[in-house]
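Note sheet for the following structure.
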Amino acid sequence: GQQLNQSPQSMFIQEGEDVSMNCTSSSIFNTWLWYKQDPGEGPVLLIALYKAGELTSNGRLTAQFGITRKDSFLNISASIPSDVGIYFCAGRENNDMRFGAGTRLTVKP
Amino acid sequence: NAGVMQNPRHLVRRRGQEARLRCSPMKGHSHVYWYRQLPEEGLKFMVYLQKENIIDESGMPKERFSAEFPKEGPSILRIQQVVRGDSAAYFCASSRSAGFNTGELFFGEGSRLTVL
């Protein structure tokens, strides 16, 4: 299946800073998804993107579906301590869903 | 509307025993996916099932692992003769049928298998 390259692997930021992470693929997808996973829990869906070029916001989170359909980014503005966790991108083409390796976010108060 | 339900949340087995993990998808969802996650790592696809059919099992080891999603009841991931390397968190996710314009997978809270 397609491999997703997610970067950065980890980020250490100060509370209040903005965060940006991205995902690229060698193949196209018709859906991009961003999930957050807290320790000991399952991934929770943050944002879903269905159209190339689509820009969607959910509170302090903004994500975009790349024009080429091979990439997506997630921005978090004005980070707070509860943003800590692992963020996963996922690409879906029909019934094939693949995940990136995750970006581990640490927010220092 | 209950989410994806997985049980048990924690399971301890000795080497050579069998592990059975169960997953009930969200109401109205007929697609089930199983993923495996090792500590500090991402989600690795194992198998994708629809009711009574295995659609893609390319991520599942050929030996000792099997999965089913019967017409009635939960999906089951079965690991026979477990070894220490099987220790991991196993996540189930479900989605609506492909005919709907929705690509979201909804995850359960996972089953954490520890093999002694």
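Throughout, a chain's letter reflects where its sequence line sits, starting with A, and its residues are numbered from 1.
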Please report the shortest heavy-atom distance between A/Leu33 and B/Leu105, naming the atom on each side. CD1-N, 4.3 Å
Surrounding CZ of A/Arg60 (heavy atoms of other residues, nucleotides or ligands, distance under 6.0 Å), is the total greater than 12? yes
Can you find a pair of side-chain heavy atoms, one from A/Tyr35 and one from B/Leu43, that are under 4.5 Å apart? no
Using a cut-off of 6.0 Å, state whether more than 12 heavy atoms not belonging to A/Gln14 lie near its atom CD. yes
If you group Ile, Leu, Val, Met, Phe, Trp and Tyr by side-chain heavy-atom gaps below 4.5 Å, do A/Trp34 and A/Phe29 land in one group? yes
Which of residues 108-116 of chain B get closer than 4.5 angstrom to chain A, counting heavy atoms alone? B/Gly108, B/Glu109, B/Arg112
Please say yes or no: joined through hydrophobic side-chain contacts below 4.5 Å, possibly via intermediate residues, are B/Ile76 and B/Met5 part of one cluster? no
Could you check A/Phe99 against B/Phe107 for ring pair (Phe, Tyr, Trp, His ring centres under 6.0 Å), going step by step and ending with a plain yes or no? CA-CA 13 Å; A/Phe99 283 79; B/Phe107 282 84; 5.6 Å; yes
Of all heavy-atom pairs linking A/Gly40 and B/Arg9, the shortest is O-NH2, 3.4 Å
Minimal heavy-atom distance between B/Glu41 and A/Phe88, with the atoms involved, is O-CZ, 4.3 Å
A/Val44 reachable from A/Tyr87 in the ILVMFWY side-chain graph, under 4.5 Å edges: no
Under 4.5 Å between side-chain heavy atoms, hopping through other hydrophobics if needed: is there a path connecting B/Met60 to B/Leu49? yes
In terms of heavy-atom contacts, does NZ of B/Lys51 have more than 12 from other residues, nucleotides or ligands at under 6.0 Å? yes
Interchain contact, A/Ala48 with chain B, by part (heavy-atom threshold 4.5 Å): side chain
Residues, nucleotides or ligands: over 12 heavy atoms within 6.0 Å of B/Gln81 CD: no
If Ile, Leu, Val, Met, Phe, Trp and Tyr residues are connected whenever their side-chain heavy atoms lie under 4.5 Å apart, and connections chain through other members, are B/Val4 and B/Leu77 in the same group? no
Counting only heavy atoms not in B/Gln80, do more than 12 fall under 6.0 Å of its CD? yes
What part of B/Gln37 gets closer than 4.5 Å to chain A, counting heavy atoms only: side chain, backbone, both or neither? side chain
To the nearest 0.5 Å, what is the distance between CD (A/Gln37) and CZ (B/Phe91)? 4.5 Å
Among A/Ala90, A/Pro43, A/Gly102, residue most engaged with chain B (heavy-atom pairs, under 4.5 Å): A/Pro43
